[in-house]
Amino acid sequence: MNADKGSLRDLMTAWAVMTALALTPAVFTGAPAGAEAEAPATTLVFDKNPDDPTDSTLSVHRGGKPWATYRAGSGLGVQDDCARAKGWMPVGNWRIRSRTRTYDGNLVKGYAVHLQDMTCSRGTVTRTEMFIHSETNRDGSAGTSEARRWDGPGDYRSNGCVKLHPTDIRAMFRLLDRIGWPTHLRVVP
């Protein structure tokens with residue numbers, strides 16, 4: 001009788017291993033067996049430069065590979081992510097709330113990616129009204145006043161948002177429209 005129990009146990013173990021092996025491709029691709037694999041995910045990564053927060057990078061990745069990298073800034077040169085309206089963006093995964101080419105806020109105009117609110121690293125301040133944006137008019141065109149006109153490297157400064165050159169934010173929108181928009185911005189130190 002013990003021999004029969006051992007044989008049954010061996011048979012059940014073999015069945016479990018074969019079933020697991022048969023299902024393994026579906027588990028790794030995230031698709032049911034026999035279905036086509038999903039398209040690779042698109043991600044945005046803001047890599048903060050501690051030597052100069054206004055000379056950081058924003059990268060578009062698809063399937064883990066970089067597709068484009070843009071110079072970007074965040075803050076007014078202040079590395080304290082709890083300094084409201086002047087410190088750089090806190091590290092973390094920021095959910096993208098919306099995107100538009102015609103944003104019409106008080107400070108942000110034109111191409112804009114609106115991000116969720118997030119608490120800073122010490123938990124003392126919630127950073128609100130955070131965007132990926134540039135300096136343009138509401139329609140995305142170059143403006144004539146300082147707040148709407150890109151004058152050079154000093155314009156990478158922001159109140160904490162991720163700020164891109166107008167040409168770069170337009171290129172990023174075109175690229176993401178083509179390859180797919182991410183759901184989050186990942187901010188890394």
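Positions are given from 1 along the sequence.
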Determine whether [X] and [Y] make a side-chain contact, defined as any pair of heavy atoms from C-beta on separated by less than 4.5 Å.
{"X": "Pro182", "Y": "Leu176", "value": "yes"}
{"X": "His133", "Y": "Tyr103", "value": "no"}
{"X": "Glu129", "Y": "Leu107", "value": "no"}
{"X": "Ser56", "Y": "Asp47", "value": "no"}
{"X": "Met89", "Y": "Trp94", "value": "yes"}

How many angstroms lie between atom [atom1] of [X] and atom [atom2] of [Y], to the nearest 0.5 angstrom?
{"X": "Leu115", "Y": "Ile96", "atom1": "CG", "atom2": "CD1", "value": "6.5 Å"}
{"X": "Thr167", "Y": "Ile169", "atom1": "OG1", "atom2": "CD1", "value": "11.0 Å"}
{"X": "Ser74", "Y": "Gln79", "atom1": "OG", "atom2": "CD", "value": "11.0 Å"}
{"X": "Thr183", "Y": "Leu44", "atom1": "OG1", "atom2": "CG", "value": "9.5 Å"}
{"X": "Asn93", "Y": "Gln116", "atom1": "CG", "atom2": "CD", "value": "8.5 Å"}

Notebook entry, point to check: Can you say whether the rings of Phe131 and His114 are parallel (under 30°), tilted (30 to 60°) or perpendicular (over 60°)?
Noted result: parallel
Next item on the list: List the atom of Thr136, the atom of Pro166, and the distance in Å for their closest heavy-atom pair.
Entry: CG2-CB, 3.9 Å
Margin query: Salt bridge check, Arg101 against Asp177: does any charged N sit closer than 4.0 Å to a carboxylate O?
Written below: yes
Next item on the list: Flag the pair Asp104 and Lys109 as a salt bridge only when some basic side-chain nitrogen lies within less than 4.0 angstrom of an acidic carboxylate oxygen.
Entry: yes
Main-chain N/O of [Y] paired with [X] side-chain donor or acceptor, under 3.5 Å:
{"X": "Asn159", "Y": "Lys86", "answer": "no"}
{"X": "Asn137", "Y": "Asp139", "answer": "no"}
{"X": "Thr126", "Y": "Met118", "answer": "no"}
{"X": "Arg99", "Y": "Phe173", "answer": "no"}

Margin query: Counting neighbours of CG on Asn106 that are heavy atoms of other residues, nucleotides or ligands and sit closer than 6.0 Å, is the number greater than 12?
Written below: no
Next item on the list: Pick out which of Arg157, Lys163, Arg148, Arg149 makes a salt bridge (Lys or Arg N to Asp or Glu O under 4.0 Å) with Glu135.
Entry: Lys163
Note to self: One pair to check against side chain to side chain contact (heavy atoms under 4.5 Å, CB included): Leu58 and Asp168. What are the steps and the verdict?
What the structure shows: CA-CA 10 Å; Leu58 179 68; Asp168 290 340; over 6 Å; no
Item checked: With Arg71, the side-chain hydrogen bond (donor to acceptor under 3.5 Å, both in side chains) member among Asn49, Thr57, Asp55 -> Asp55
